[in-house]
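First the structure, in the form of structure tokens, and then the observations on it.
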Amino acid sequence: MLFNSYVFIFLFLPITLLLVFLANKYQKINTSAFILIIASLFFYGWWNPPYLILLLGSIIFNFFIAQVIQKNKLVLLLGLSFNIGLIAYFKYANFFVDNINVLLNQSLYIEKIILPLAISFFTFQQISYLVDAYRGQAEKYSFLHYCLFVTFFPQLIAGPIVHHKEIIPQFSHKNFLKYRSSHIFMGLTLFALGLFKKVIFADGMAVYASAAFLAAENGVILTIYEAWLGSLAYTMQLYFDFSGYSDMALGLAIMFGFRLPVNFFSPYKATNIADFWRRWHITLSRMIREYLWDPISLAMTRLAVRSRYGFIRFFITTSLAPTLFTFFWIGLWHGAGWNFIVFGMLHGSYITIYNLWSQLKQRYKSLKIITNKAMANALARVITFTCVVVGWIFFRAESFSGATSILSSMFGLNKISMPKSVINFTGLSEEWFLNNGFIFEGLFGNGVMGNQPINVIFFTGILITFCYIMPNCTQIFHRHKPFITTYPDHPAAFTKFHYLQWAPTYRWAIFTALTFCIAAMNLLKESEFLYFQF
Amino acid sequence: MRNPYNRTLLLTISLIALIFFANVVFNRLVDPYGYFLEPRIASFNSNKIYMSKDRAVLSAQPETLILGSSRAYLGLNPKDKAWQGKKVFNLAAGGHSIFDSLHFLEHANQNTQIKEIYLLIDFFMFNASRKPYNEDEYDYLSSMSLDENITDTNILGSLFSFKTLIDSFNTVINQNKFSSDYMNYGLDSLTHDLPRHSKFISTESAFYKVHYRNFITQTLDKNMFDGFERIVSYADKNNIRLTIGISPMHARLLEVIDMAGLWDDFETWKKSITHIIKLQNENDLPNQFKLYDFATYNRFSIEESPLLNKHNDVTWFSDPSHYKRNLGTSVIERMLGAPLENNQFGVEIDQSNIEEHLARIRTERDVWRDQYPSHATEIQSMRR
């Protein structure tokens, strides 16, 4: 079921809330937890009921393993291989076979395996639980609580990826699964904001982004500004889609009295690429940091210190190698395709360059050229943002030729593609342009997307500005915190948006109602969330 | 209520409920898409400007259908006098492929007995590379009926929607601007812009890029001629008289086909169509299907189109792909049996004269090129 569907908003959600609260009032808390689990399973099984077996099997197996693990490495290995095997089969088997066929010139064939919804999310969550249980850092939970932790529907399909330590203790809180008007109201505002981001912003951008990428995929050479518009539109679409989804998840969770971790903290305001990854899909980054990056980088640093490497070898061992390794897996986590691997490696290289640059800057103070802090920040933001935009092109494109075609259009690498109107505008002849490295192709000039790019420029421009000047949900709800904050920002970041603080006022009531109605009335076509495929 | 949360929450939920309730009631009352039979109040909502065609065809219960792409949709007026009083419905629509025509035909025929079809085919309707074909996509058509109830999720969803609200408003405001009769026969309000050179160029260029640059009639999983054959045999099985026309287009667009290197394919396409009809006609002697070719060089299609910085009006075309209704009248007349003028507009073709017909078009193409060299060069220079 999708959050942005009438069935969910007007039937599933109110009925579930009502049943859970009633059960809590007149029955035991465990009854309402049980109802919530059943509702979550119904939510998951809406599309493809058979995959419920997979979800339930995975929960039961992992719960059982965690009970008997007790520092036994063999049991841990068994558990890990089950989870990794599951995800490897369902997510990567096709990709693996295809590549083997190409590499070894074979013609192995396996059926196209349909990716079960949310498998990357619930498998990841449970792996971290197993590892913690092995380390002795996880308490013994009841099966009911464990089930609820995995299946709780707001976070089941596309995150935030929750950690058992921050969720399960909440189950014994006095407000857990109880009706609180404050929770419902905050939840409604968060949900309305998220829905608006998804339906109006992300789906609005999708039209332009899809057109540009489709055209490039089919061999149309986009003009320089079309390529930029297309990739900027996708940059906006992806952010508003995923962060909208996350906001909705936070809102839904708090209605039930849950606080989920915040997944985004204005990522496009980041001043460097490491900062970007602290703000983008935060719950994934921290999970990767804790269970992959930290152990590897610790081991590598030990090795480097013990072997007394010089600067370059030290840098390679402690920074370059672990970063690229980690980002390879981040890329692959997002999908079984070479484009995702390229996306990961690209970001890995960004981080490496950034690390190198900051170390050099520490060594050689003269490298600090721009001393004006505001200017340096602005420049840093533009550079970071551009790098991110380039990364998303690989993320989105279906083939290398598509991605490289857009990239070369953006940076004029082949020929600079222009709309024909420049001929009249400049007064030079068409031959002059053709002889001097220009060509005339693209979407607008040919009426594929209408003749006027002005609407697209306007809409994309508004959204980019929006990303830069508006506060994020953590800032708006700073005082009430209906979620777990995940980004340690300077307090000034909060006082700055003092006037936009959420409060139980009529103003916020009207704003919430209008935002909700505008978004909900535009749900003509239920469009899926981009992160559902991961 | 002292708790500020109770007050504000109550306000929020009441506002949401109020807005949605008002929206649903208004949309249900106006019913802009004609989902419900009642209420129909004159000069309020009886004229359904936005009635969906697939639904409208059910209530219109026509005997004669027009099928095809946007050319047939924009060019053929179902209320044209040339129809001689037939009960015609124009079910053609923009971007329709031959498979769309097939499924819309089956849909229209499900509870009305269609007697005649005028199928206007176009070369690009047979492009297999354009959009994926999936039979399931048309499932919604078979589940559609006139007495659907409100719990159907499509209908329920549309009552909530903002777009429906806008359409409801427009329905009420524009109630008397169009005649209701027109609407219910699959025609909507249409204004033809004054043709400009740039509009010709952009249409031609889009045709080259969207339709002709990657033109194939067959992919691994579908053959577009199957769609055509299925229409022919469907018509035969259901005793429907089928008349097929190849839509008129401007000579410049014919030149685009040549520029894209598809002239031979274009000829083969016409031959295949002729062949399929021949096989059919041999099978069923009493019900003979006819094929008329309007996509030729004739006095309409060779009319001078606007050149850069010149604003000559175009009489027969609104752009090189779409002919105007005045030309549509001639198309209807010819397909209904009016004699062929001496200008090759609507030549009846079959196995016996196809080769000669195609050869003649080739000759006339060269004549046109000599007559309008600047047009021909302009088109040929679009190629990349």
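The figures that follow rest on heavy atoms only: side chains count, while hydrogens, waters and symmetry mates do not. Quick note on labels: first sequence line is chain A, next is B, and so on, each numbered from 1.
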*So A:F10 and B:F160, would you call those rings parallel, tilted or perpendicular, with 30° and 60° as cut-offs?*
parallel
*asked:* Counting only heavy atoms not in A:W46 (residues, nucleotides, ligands), do more than 12 fall under 6.0 Å from its CH2?
replied: no
*asked:* Atom NZ of residue position A:K25 - does it have more than 12 heavy atoms of other residues, nucleotides or ligands inside 6.0 Å?
replied: no
Distance (rounded to the nearest 0.5 Å) between [X] [atom1] and [Y] [atom2]:
X: B:L9; Y: A:S181; atom1: CG; atom2: OG; value: 6.0 Å
X: B:N6; Y: A:S182; atom1: CG; atom2: OG; value: 9.0 Å
X: B:L10; Y: A:I184; atom1: CG; atom2: CD1; value: 13.0 Å
X: B:F162; Y: A:L523; atom1: CZ; atom2: CG; value: 13.0 Å

Are the side chains of [X] and [Y] in touch, meaning some heavy atoms are under 4.5 Å apart?
X: A:R180; Y: B:Y5; value: no
X: A:M521; Y: B:T164; value: no
X: B:S161; Y: A:N522; value: no

_Partner residues of A:I254 under the side-chain contact (heavy atoms from CB on, under 4.5 Å) criterion, sequence neighbours left out_ = A:H183, A:R259, A:P482
*Enumerate by number any residue of residues 506-516 of chain A whose heavy atoms lie under 4.5 Å from heavy atoms of chain B; in the absence of such residues, state 'none'.*
A:Y506, A:A509, A:I510, A:T512, A:A513, A:L514, A:F516
_As an exercise: rank B:I13, B:L18, B:L11 by heavy-atom pairs under 4.5 Å with chain A and give me the winner._
B:L11
*Mind listing the closest non-hydrogen atom pair of B:T12 and A:L188 along with its distance?*
CG2-CD1, 4.2 Å
*For A:T189, is it the side chain, the backbone, both, or neither that has a heavy atom closer than 4.5 Å to a heavy atom of chain B?*
neither
